[in-house]
Amino acid sequence: MTLSKTIGIIGGGQLGQMMAIAAIYRGHKVITLDPVADCPASKVSEVIVADYADVEALRILAERCDVLTYEFENVDAESLDAVADKALLPQGTDLLRISQNRIAEKAFLSQVGVAVAPYRVVTSSKDLTDYDFVTTRVLKTATGGYDGHGQVVIRDEESLAQAKVLADQTDCVLEDFVPFDMEISVLVSGNSRELTVFPVQENIHRNNILSKTIVPARISENLAEKAVQMARKIATDLQLFGTLCIEMFVTGSTILVNEIAPRPHNSGHYSIEACNFSQFDTHILGILGETLPDIQLYAPALMLNILGQDMEAAREFMTQHPQAHLHFYGKAEAKYNRKMGHVTMLTEKVEEVNL
Ligand code: AMP
């Protein structure tokens, strides 16, 4: 009997790469599917070069693997369903459908009984006629948005006009703008029988892109416990396999869920060095249905993202902070705002340390 499995990862970016590394440490073989031959996961796995929705390529991947997983939620669910008889997909496609469509996601979260910002569905600009400016709201496309793309904060006539253009292009949700004190996220991993939860993470964004994660989040124990309970509730309802990230807004003593991502998340990278098991380790254990460890945080930690424009600053940072753990994902071109790598530091001086 072999304990070694072949794991197929759809998406070969940095998340796929770090998932693959966690799998390889456990003796598994990894094959990745990505449209780019030179993708980050290509450094550590064989790559099938194809589009994510290419059913024939997905079939080949499924035939060669015992278990399939994905590194991001915008994988075509129908294409995956079409190959479901070839390999196990423990996470299923329902979770994909929920997390890739904000309308389905909000309906799901409301049904689970966790609070979300007040919202309504908008299917065309007609739904925005007689718009009142009583509350600031944000219009978000139901599908395809990320890092603030596909969003308009409606504050005045000009932004309302932009929102109307967006609403005529695609289905959207219109939600109240939340004057949050803090953005947090909770990572939870499951094997369908039990869950393991990571400490609450505090996330600081710059231009809608995650810039810094601080762990543990600087909130009260009560609030942290509330966030963890919300995460558990969602994961339990999903009978979760693998790692799920739940992003939340904290305003006073209120916590609202913003969105969920059915995979390891940028805000959990610190767990590689700061925890006894990383979010990638527990993802691999979870999708294989193996027993999950309790998570311990060794020390307060912070993670800084390195974007394309930060490459020089990162090199300088490493000479100043040799105890920082540097990760580069092996991307050839350092484009503006492209996530090139990150650093993790085990430190309590979370405010002082910046790139
Ligand atoms: P999202 O794509 O929903 O994760 O949004 C990207 C970022 O936009 C979030 O991390 C927040 O910083 C901000 N944002 C999204 N929705 C809201 C909201 N309803 N109120 C305030 N800020 C928001």
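What's counted below: heavy atoms across the whole structure, side chains too, no hydrogens, waters or symmetry copies. In each ligand, atom 1 is the first atom listed, and ligand 1 is the first ligand listed. Note that the structure is predicted; figures quoted are calculated from it, not measured.
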S.K.: Just by distance, with hydrogens left out, do Arg315 and Thr319 show a side-chain donor and acceptor under 3.5 Å apart?
M.R.: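 Result is no, nothing qualifies.
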S.K.: For Gln279 and His269, test the side chains for any donor-to-acceptor distance below 3.5 angstrom and give the result as yes or no.
M.R.: yes
S.K.: Could you verify whether a donor N or O on one side chain and an acceptor N or O on the other, from His327 and Glu273, lie under 3.5 Å apart?
M.R.: yes
S.K.: Under 4.0 Å from any heavy atom of Val178, which atoms of ligand 1 are there?
M.R.: 18 (C), 19 (N), 20 (N), 21 (C)
S.K.: Test of understanding: given a 4.0 Å heavy-atom threshold, classify the contact between Arg137 and ligand 1 as side chain, backbone, both, or neither.
M.R.: neither
S.K.: Is there a donor in the side chain of Ser185 and an acceptor in the side chain of His265, or the other way round, less than 3.5 Å apart?
M.R.: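 No, because no side-chain N or O of Ser185 sits under 3.5 Å from a partner of the opposite role on His265.
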S.K.: How far is atom 22 (N) of ligand 1 from its nearest protein heavy atom, and which residue and atom is that?
M.R.: Phe180 CE2, 3.5 Å
S.K.: If the cut-off is 4.0 Å to any non-hydrogen atom of His205, which atoms of ligand 1 fall inside it?
M.R.: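 By the 4.0 Å cutoff, the relevant atoms are 10 (O).
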S.K.: For the pair Asp281 and Arg26, find out whether any cationic side-chain nitrogen is under 4.0 Å from an anionic carboxylate oxygen.
M.R.: yes
S.K.: Which of the numbered atoms in ligand 1 are below 4.0 angstrom from a heavy atom of Glu175?
M.R.: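 Heavy-atom distances to Glu175 below 4.0 Å select 16 (N), 17 (C), 18 (C), 19 (N).
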S.K.: Check the side chains of Asn305 and Asn266 for a donor-acceptor pair under 3.5 angstrom, ignoring hydrogens and angles.
M.R.: yes
S.K.: Considering non-hydrogen atoms of the protein only, which is the closest contact for atom 16 (N) of ligand 1, and what is the distance?
M.R.: Lys140 NZ, 2.8 Å
S.K.: So, Ser278 versus Ser271: side-chain donor-acceptor pair below 3.5 Å or not?
M.R.: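 There is no such pair between these side chains.
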S.K.: Numbering the atoms of ligand 1 from 1, which are under 4.0 Å from a heavy atom of Glu183?
M.R.: 9 (C), 10 (O), 11 (C), 12 (O)
S.K.: May I ask which of Thr136, Val116, Asn208, Leu210 has a heavy atom nearer to atom 8 (O) of ligand 1 than the others do?
M.R.: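 When every heavy atom of Thr136, Val116, Asn208, Leu210 is considered, Asn208 comes closest to atom 8 (O) of ligand 1.
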S.K.: Is the closest side-chain donor-acceptor distance between Thr213 and Asn203 under 3.5 Å?
M.R.: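 Present: a donor and an acceptor within the cut-off.
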S.K.: Students should be able to answer this: which protein heavy-atom is nearest to atom 23 (C) of ligand 1, and at what distance?
M.R.: Phe249 CZ, 3.6 Å
S.K.: Counting only heavy atoms, which portion of Asn258 has something under 4.0 Å from ligand 1: side chain, backbone, both, or neither?
M.R.: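 Answer for Asn258: side chain.
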S.K.: Taking only heavy atoms of Val138, which atoms of ligand 1 are found under 4.0 Å from at least one of them?
M.R.: 18 (C), 19 (N)
S.K.: Identify the protein heavy atom lying closest to atom 4 (O) of ligand 1, giving its residue, its atom name and the separation to 0.1 Å.
M.R.: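 Its nearest protein heavy-atom neighbour is Glu259 OE2, 2.8 Å.
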S.K.: Would you please indicate if the ring centroids of Tyr131 and Phe133 are separated by under 6.0 Å?
M.R.: yes
S.K.: Which protein heavy atom lies closest to atom 5 (O) of ligand 1, and at what distance to 0.1 Å?
M.R.: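 Closest protein heavy atom to atom 5 (O) of ligand 1: Gln151 NE2, 3.1 Å.
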S.K.: For Asp176, is the nearest heavy atom under 4.0 Å from an atom of ligand 1?
M.R.: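 It does, in that a heavy atom of Asp176 comes within the 4.0 Å cut-off of ligand 1.
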